[in-house]
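Quick notes on the structure that follows.
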Amino acid sequence: MRAWEANFRKVEPYTPGEQPKNPRVIKLNTNENPYPPSPAAAEVLRSMDPALLRKYPDPDSSLLRDAIAEYYGICPDRVFVGVGSDDVLGMAFLTFFNGPKPVLFPNITYSFYDVWADLFRVPYETQPLDKDFRIVPEDYMKPNGGIVIANPNAPTGVELSRDLIEEIVKANQESVVIVDEAYVDFGARSALPLTEKYENLLVVQTFSKSRAFAGVRIGFAMGHPSLINALNCVKNSYNSYTMTTPSILLGAAVMKDRAYFEESTAKVIATRERVKKELSALGFTFGDSKSNFIFAKREGTDAKKLFEAMRADGIFVRYFNKPLIRDYLRISIGTDEEMDTFLGYVKQYLAKQGS
Ligand SMILES: *Cc1c(COP(=O)(O)O)cnc(C)c1O
């Protein structure tokens, strides 16, 4: 080891889902939206004056914050924006979790939380889900330095009711509670209204899934202005220009197209409900997903082998080789046609296995 390597920050990075180079792959592994973004995005790209790119972007991203605030009927001083919700969540860990007590989150959840906690030297303690992958609110009612809950949870897709979220927030008014709502637009209830009542609640959402903008990188947090101010102070101590001019313009335009958003999320939801029925008929079991994926297992079928066979034939789903969930596959909801190809493959595979 070189002497200076002793001073390197030791980190175990997050592993994102695979992005295959072959465009013909059926890609059901990273919960992207199968439909294109609002046509408002194409219009911005067509009409944007490249001379705008000469200047630094607006460090406050006002146009984008205003569009988000207007959509949700809140004041812009209650909105923080970042480079995807990963940036927003990372910034929130850095901003709010600086105490000696452990931050609490479920043992099965978005696998970036423990990565940020380790990166920022935040102590944490994971809490088990129950046998149906539900969060147990009582586990979050002990001394802590903060709480993070993905709702619907990932990779399970299971929703925690707003009433139970409120119980957790109410019992923890001395900590910041973050609710990561990356998938909330696919049929779950947002905790946003609770931010008017509880100053310690931060709701985080993203354009990546429901607004088909994973490639643009826009995430946002909503909550009391004191939380938003604190986030902005940390952001401006690190990098003032997180949002590019194109992403500010694109995000604002897409946020205004409510009709397209509602129509495309409804399509994903309808496909999900149909795929649930078909997977049940094939003997799969899963929690009642309120997200754009289904986390399913099948008694007698080796999930890893099915995952590998499908991958070899150009159908990508996500497999986590981790305790508690290694019998499961996480299947993103694609177009109806993609899901039919997937279901056809699974049927054939099971027939060949004689199960
Ligand atoms: C996808 C996802 C995110 C991050 O998405 P961004 O693309 O960074 O906005 C955050 N949390 C969960 C639970 C996710 O699934």
Side-chain angles (χ1 to χ4, degrees), residues 13-19 27-34 37 41 61 64 68 79-94 103 105-117 119 126 129 133 135 147-160 165 177-188 190-191 202-222 231 235 239 242-244 247-248 250-251 254-255 261 265 268 272 287 289-295 317-320 322 325 328 330-333:
Y14 169 79
T15 325
E18 204 175 337
Q19 293 293 349
K27 204 172 166 302
L28 308 175
N29 69 334
T30 52
N31 300 339
E32 287 143 337
N33 200 306
S61 307
L64 177 57
I68 295 168
V79 180
F80 173 82
V81 295
V83 188
S85 53
D86 286 343
D87 180 43
V88 174
L89 288 162
M91 210 66 83
F93 270 62
L94 191 54
V103 168
F105 47 83
N107 61 344
I108 300 170
T109 191
Y110 189 38
S111 49
F112 227 134
Y113 302 153
D114 55 351
V115 174
W116 287 311
L119 174 63
T126 62
L129 300 179
F133 286 154
I135 285 167
I147 290 172
V148 188
I149 285 172
N151 195 41
N153 198 10
T156 64
V158 174
E159 178 185 20
L160 182 65
I165 294 270
V177 178
I178 299 177
V179 180
D180 176 357
E181 297 188 344
Y183 301 104
V184 77
D185 298 321
F186 299 103
S190 175
L202 190 77
V203 170
V204 177
Q205 295 190 5
T206 176
F207 280 54
S208 295
K209 281 83 180 217
S210 57
R211 289 188 169 79
F213 249 21
V216 185
R217 313 301 303 131
I218 304 176
F220 53 103
M222 298 178 286
L231 281 167
K235 183 209 94 168
N239 176 8
T242 50
M243 310 306 289
T244 66
S247 80
I248 292 170
L250 285 163
V254 158
M255 209 18 128
F261 166 74
T265 47
V268 172
R272 177 189 71 207
S289 171
K290 292 286 171 66
S291 60
N292 66 340
F293 57 83
I294 297 172
F295 194 56
V317 297
R318 190 89 193 258
Y319 175 72
F320 300 92
K322 281 189 187 174
I325 56 172
Y328 288 79
R330 193 195 67 188
I331 305 140
S332 305
I333 302 301

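FYI, the numbering just counts along the sequence from 1. One-based numbering, in listed order, for ligands and for the atoms of each.
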Residues in side-chain contact (heavy atoms from CB on, under 4.5 Å) with Ala191, at least two apart? Ile165, Glu181, Leu194, Leu201, Val203
Exercise: do Thr30 and Lys27 side chains pair donor with acceptor under 3.5 Å: yes
Looking only at the aromatic ring of each residue, does the gap between the centers of Phe93 and Phe112 stay below 6.0 angstrom? no
Would you please indicate if the ring centroids of Phe293 and Phe186 are separated by under 6.0 Å? no
Can you sort out the partners of Leu129 under side-chain contact (heavy atoms from CB on, under 4.5 Å), two or more places apart, ordered by chain and number? Pro106, Asn107, Ile108, Phe133, Ile135, Asn153, Thr156
So, using ring pair (Phe, Tyr, Trp, His ring centres under 6.0 Å) as the criterion, who are the partners of Phe105 when residues are at least two apart? Tyr113, Tyr124
Could you name the protein residues that come within less than 4.0 Å of ligand 1, counting only heavy atoms, and order them by chain and residue number? Gly84, Ser85, Asp86, Leu89, Tyr110, Ala154, Asp180, Ala182, Tyr183, Thr206, Ser208, Lys209, Arg217
